[in-house]
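To find a chain, count down the sequence lines: A is the first, B the second, and so on, and within it residues start at 1.
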Protein chains: 2
Amino acid sequence: MSLASLPDAYRQAPFDEGCAPRRLLRLFSGKWVTMILHTLHLLGGASRPGALLRSIPGLSKKMMTQTLRELEEMGLVAREVHQVMPPVVEYRLTVLGRKIIEPVEMLYRWGAEHAVVLDRVDDNVARARKGG
Amino acid sequence: MSLASLPDAYRQAPFDEGCAPRRLLRLFSGKWVTMILHTLHLLGGASRPGALLRSIPGLSKKMMTQTLRELEEMGLVAREVHQVMPPVVEYRLTVLGRKIIEPVEMLYRWGAEHAVVLDRVDDNVARARKGG
DNA sequence: TGCCCCGGGTACCAAAAGGTGCCCACAGGA
DNA sequence: TCCTGTGGGCACCTTTTGGTACCCGGGGCA
């Protein structure tokens, strides 16, 4: 089968750097990006850094802050500082962030529903490394 | 909102390393993994390395081979060597591979349909870096 | 006064990922 | 004979990524 016989959207779409799907993948490639977006979403769209940190085992303070800064720069997350004493900080998904949540949730849902598939993948790797 | 008020699948699902969604994400985190799976799928489920290489601009021979080896180890792709002269090699998606294609296609489709959203993200980043 | 919480920042380091360049054998065409 | 293309391997280097450890100021608490 050649590329020429495929529908238009397929023929052009994923075949250069800078196309939409590859940009989306790059966005999600950070180790904690989707975790944080997803958790923020689960927690109702907003939450305080402390709560976020405790919700994601393995996430370090540094990586959380760093990832949140990047998400802020992309306009996916907004940082609100409530001027009380002591200062309360809250991160919430922006409108754009709530859009990006869609593919994140798709992925998480698929993953949760097809854990068996992933188990099989891991089994294959384990057997390949042992057996040869 | 607290975690306790959420449905079960959500409360436990993505909150530890090794849960299904995070494993799926790790699988997709390689720069060329989804590109190769997707292209293999578009090309009809199988193709020769040369064709694959030419279909994905920016992909180097080394990275292609390396990624294909990993996919083979995971049992997502099968390598067939036709014993003719010169040897013809073909990679095709396995049954497991055709399962994993599902979330890949979801992502690619969403990306293609929501390019505007990704444009906005890039704009935000550009403006953030300029303005300050 | 010491201690822990909060939210955050920074310096430094280790590991992983990715990319380039060069190598192999074999075959066909000029 | 040289150059092309096929399918692949390996050495090396750079960049990116992620993680640890330590720092700040402020407040509550014993």
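Atom CG in Leu59(A) sits about 14 Å away from atom P in dG7(C), given to the nearest Å. One atom, CG of Leu53(B), and another, C1' of dT6(D), lie 12 Å apart when rounded to the nearest Å. Rounded to an integer number of Å, the gap from His82(B) NE2 to dA27(C) P is 19 Å. One interatomic measurement links the two molecules: NZ of Lys31(B) to C1' of dT16(D), which rounds to 11 Å at whole-angstrom precision. Here dT6(D) presents its C1' atom at 14 Å from CD of Glu90(B), a figure rounded to the nearest Å. The interatomic distance linking Tyr91(A) (OH) with dC6(C) (P) rounds to 15 Å, in whole Å.
Mapping Gly58(A) and Val81(B) onto DNA chain D via the closest heavy atom, the residue that lands nearer the 5' end is Val81(B).
A donor-acceptor distance shorter than 3.5 angstrom exists from the side chain of Arg23(A) to the backbone of Gly18(A), with no hydrogens or angles considered. In this structure, His114(A) contributes its side chain and Trp110(A) its backbone to a donor-acceptor pair below 3.5 Å. Of the possible donor and acceptor atoms, one in the side chain of Thr94(A) sits under 3.5 Å from a partner among the backbone N and O of Gly75(A).
Applying a 4.0 Å cut-off to non-hydrogen atoms, the residues of residues 60-73 of chain A that approach DNA chain D are Ser60(A), Lys62(A), Met63(A), listed by residue number.
With Leu76(A) as the partner, the side chain to side chain contact (heavy atoms under 4.5 Å, CB included) test is satisfied by one option alone out of Ile100(A), Leu93(A), Ile101(A): Ile100(A).
Using a 4.5 Å heavy-atom cutoff, the side chains of Tyr91(B) and Leu71(B) are not in contact. By the 4.5 Å heavy-atom criterion applied to side chains, His82(B) and Arg48(B) are not counted as neighbours.
Between Met35(B) and Ile56(B), the shortest heavy-atom distance links the atoms CE-CG2, 3.5 Å.
Of the side-chain N and O atoms in Arg54(A), one or more sit less than 4.0 angstrom from OP1 or OP2 of dC6(C). Phosphate contact (OP1/OP2 of dG7(D), side-chain N/O of Arg48(B), threshold under 4.0 Å): present. For the OP1/OP2 pair of dG8(D) and a distance below 4.0 Å, the side-chain nitrogens and oxygens of Arg79(B) include at least one atom meeting the criterion.
Distances were taken from every side-chain heavy atom of Trp32(B) (C-beta onward) to each of dT6(D), dG8(C), dG19(C); the shortest belongs to dG19(C).
Contact annotation for Arg26(B): no contact, since no heavy-atom pair falls under 4.0 Å across all strands.
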